[in-house]
Amino acid sequence: MKDIVALCKRRGFIFPASDIYGGLNGFWDYGPLGVELKNNLRDRWWRDMVIAPPLGPDGTPVNIVGLDSSIIQNPKCWEASGHVGGFNDPMVDCRESKKRYRADHVFVLIPKDGEGHAFAFDQDAEDVEIEKRLKKLSRGKSVADFNKEVLDQVPLDMFSNIIGPDVKTAGTLTEPRQFNMMFHTYVGATASEDNKAYLRPETCAGIFLNFKNVVDSSRVKVPFGIAQIGKAFRNEVTPRNFIFRSREFEQMELEWFCAEEDVPMWFDFWVEQRRAFWLSLGLPKSELHFLDVDKADLAHYSSRTIDIEYRFPFAAPGFDELEGIAHRGNYDLTQHQEFSGQKLDYFDQAENKRFLPHVIEPSTGLTRGVLALICQAYTVDENRPSGVYLDFHPSMAPKKAAILPLTAKDKHVPTAQKLYLDLRDEFVVDLDIKQNIGKRYARQDEIGTPYCFTIDNETAEDHSVTVRDRNTMAQERIHLDKVKDFLREKINGRS
RNA sequence: GCGGGUAUAGCACAAUGGUAGUGCAACAGCCUUCCAAGCUGAUUAUGCGGGUUCGAUUCCCGCUACCCGCUCCA
């Protein structure tokens with residue numbers, strides 16, 4: 001992972017944000033090559049979802065429209081979604097056990113007679129365990145001798161007398177602290193609680209807020225989808241693992257609206273589509289894992305979620321989440337309907353009935369996808385000068401080809417320039433004239449350019465150039481006129 | 001937020017309480033007809049802020065960032 005981070009910085013993929021000021025924890029900037037790579041992945045997702053969505057189970061194309069909603073929405077939106085009320089959890093740390101607890105998930109047994117210590121337990125603690133521990137630490141008292149209170153309701157001055165859930169001495173728990181996952185700001189020039197607003201922690205809310213607008217304006221019929229790509233912000237407790245968990249990141253989300261009875265069919269459909277998507281970009285089957293999320297771990301609104309996980313280097317030999325496909329029920333539309341007071345139900349003319357559609361949400365991290373592509377592409381090869389190359393799928397590579405005059409002399413350069421100008425209208429290509437050819441090949445290997453076209457003496461004679469393949473380092477000669485078709489076929493799979 | 005570790009040039013590594021070196025890369029040129037070759041030249045660093053000291057990159061303190069382990073990840 002260290003080597004990957006170093007390469008990303010050295011070659012201009014990803015830099016620490018505010019680097020010259022010492023960086024900022026959880027923020028990253030995308031450099032000249034990083035932005036090309038990210039745009040490639042973004043555009044491919046948009047193409048596969050919105051421009052040319054897949055054929056549905058019945059063989060006809062599914063209907064998906066795009067959206068770009070505002071990052072800041074009316075704060076009530078986040079009350080409806082549960083983000084404001086539900087996820088500002090007070091947390092408590094234990095100085096001795098080094099564990100952290102949600103204060104509302106810990107209860108405290110306070111002695112009725114006011115004598116001796118109070119005892120804290122995790123909410124999941126079993127009765128037998130509780131009795132056992134009380135007996136051991138309180139000289140034979142039992143649960144009946146205590147009053148039960150949730151930790152975040154316990155007055156602060158009592159904390160010094162509480163024995164934490166995983167320790168034997170009192171006073172190790174810190175006071176509860178708020179962990180607010182949402183960034184907030186103030187709309188308007190004056191800051192006050194009245195105009196407090198939030199940066200969206202996920203892009204999907206904007207889709208639900210516009211559900212009615214889209215239905216009324218776009219002639220879509222259930223089942224259909226609304227897709228959106230954009231930035232999202234979360235004040236993560238611990239940003240970690242390079243760009244994997246950062247505080248500002250980018251999501252690509254589809255909300256697929258369908259009738260409740262069709263949910264199982266569409267759920268399987270989207271899991272398959274998303275599997276095919278990642279496979280087609282070069283993530284091998286062996287490095288992907290499909291996790292049917294355990295009922296107990298599901299988000300409160302979801303009855304089923306499948307996580308597509310990738311074997312990121314920091315997770316290996318395990319996996320970590322790349323995309324989540326969630327059945328959200330009609331939770332979101334229900335909530336927004338209630339909080340906004342606006343009718344959001346859908347009228348099905350054929351069936352002559354109104355209902356709130358159910359939602360299947362394939363939601364993926366664009367920036368996590370970028371990281372997965374980089375990790376997968378990173379290939380050590382001691383037999384080449386660079387020692388390493390990036391084995392990007394040609395369609396994802398930030399540069400599709402490099403045009404290299406063999407020498408910086410007049411007999412090679414003008415032809416190279418002409419080819420460069422001809423290609424750049426259609427492909428992202430590099431023209432590199434300086435230094436010997438070996439160094440230039442090595443540089444292109446390190447940034448994952450799949451092909452290099454080299455102009456040499458023969459070019460002047462027969463209008464042929466060599467094509468050098470990144471992965472095999474093999475060379476073949478093709479005619480100058482065939483270069484465009486060659487790239488079209490290799491990169492887009494068609495000529 | 002806790003514990004541990006790290007911080008010298010773009011990268012890899014030296015050294016020192018008193019002028020901070022080397023290799024590679026990057027850059028300019030020369031040379032070069034296919035894989036980081038050679039020659040010449042110029043550029044580039046002690047994360048930030050305090051303290052001790054005549055003098056700190058070195059010793060001490062604080063902060064920040066990154067890595068590992070917890071925790072968190074709706």
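Just so it is clear: chains get the letters A, B, ... in the order the sequence lines come, proteins before strands, and each one is counted from 1.
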Pairing partner of B:rC13, by Watson-Crick or G-U wobble and under 3.5 Å for both distances, is B:rG21

As an exercise, state the distance from CE of A:Met396 to CG of A:Leu390, rounded to the nearest 0.5 Å. 14.5 Å

Output the rounded distance in Å from CD (A:Glu446) to C1' (B:rC35). 14 Å

Round to the nearest Å and state the distance from A:Glu321 atom CD to B:rC72 atom P. 16 Å

Atom-pair distance (CD1 on A:Ile4; P on B:rC11), nearest Å: 17 Å

To the side chain of A:Ile437, which of B:rC35, B:rC70, B:rU32 is closest? B:rC35

Taking for each residue the nucleotide of RNA chain B bearing the nearest heavy atom, is the 5' side occupied by A:Phe244 or by A:Tyr21? A:Tyr21

Here the distance between atom C1' of B:rA7 and atom CG of A:Asp19, to the nearest Å, is 13 Å

Flag yes if more than 12 heavy atoms outside A:Asp410 fall under 6.0 Å of its CG atom; otherwise flag no. no

Quick one: label A:Gln444 by what it contacts on the DNA or RNA (base, sugar-phosphate, nothing), any heavy atom closer than 4.0 Å. nothing

Where the side chain of A:Arg240 is concerned, which of B:rC34, B:rC2, B:rU32 is the nearest nucleotide? B:rC2

Look at the side chain of A:Arg311 and the backbone N and O of A:Asp320, then say whether any donor-acceptor pair between them is shorter than 3.5 Å. no

Given the structure, check if the side chain of A:Gln475 and the base of B:rC34 hold any donor-acceptor pair shorter than 3.5 Å. yes

Only pairs with both distances under 3.5 Å count, Watson-Crick or wobble alike; so what is the partner of B:rC70 in this structure? B:rG1

Where protein sits on nucleotides 23-30 of chain B, one letter per nucleotide: B base, S sugar-phosphate only, - none, heavy atoms under 4.0 Å: --SSS-S-

With a 4.0 Å limit, can you tell me whether A:Asn436 has a side-chain N or O closer than that to the phosphate oxygens OP1/OP2 of B:rA37? yes

Please state the P separation for the pair B:rU40 and B:rC31 - nearest whole angstrom. 16 Å

For B:rC59, the Watson-Crick or wobble counterpart (both distances under 3.5 Å): B:rG51

Basic-acidic side-chain contact under 4.0 Å: A:Arg10, A:Glu446: yes

Any donor-acceptor pair under 3.5 Å between the side chain of A:Arg468 and the base of B:rC34? no

Between B:rA56 and B:rG49 - C1' atom distance, rounded Å: 14 Å

Indicate yes or no: does A:Arg443 engage A:Asp432 in a salt bridge with an N to O separation below 4.0 Å. yes

For side chain to side chain donor-acceptor pair (under 3.5 Å), just list the numbers for A:Tyr331 and A:Ser302, CA-CA rounded to whole Å, side-chain angles, deciding distance to a tenth of an Å, and then say yes or no. CA-CA 8 Å; A:Tyr331 171 82; A:Ser302 179; over 6 Å; no

Comparing A:Lys411 with A:Phe27, nearest RNA chain B nucleotide closer to 5' gives the residue A:Lys411

Is A:Thr466 side chain donor-acceptor paired with the B:rC34 base, going by distance under 3.5 Å alone? yes

Distance check needed: B:rC72 P versus A:Glu236 CD, whole Å only. 13 Å

Quick one: A:Ile20 CD1 to B:rA65 P, roughly how many Å, whole number? 16 Å

Under a 4.0 Å N-O cut-off, is there an ion pair linking A:Glu248 with A:Arg234? no

Side chains of A:Gln228 and A:Thr203: is there a donor and an acceptor less than 3.5 Å apart? no

When you measure from the side chain of A:Asn25, which nucleotide among B:rC35, B:rC66, B:rC70 comes out closest? B:rC66

Gap between atoms CZ and C1', on A:Phe242 and B:rC68 respectively (whole Å): 17 Å

Just compare B:rU32, B:rC34, B:rC68 and give me whichever is closest to any side-chain atom of A:Asn241. B:rC68

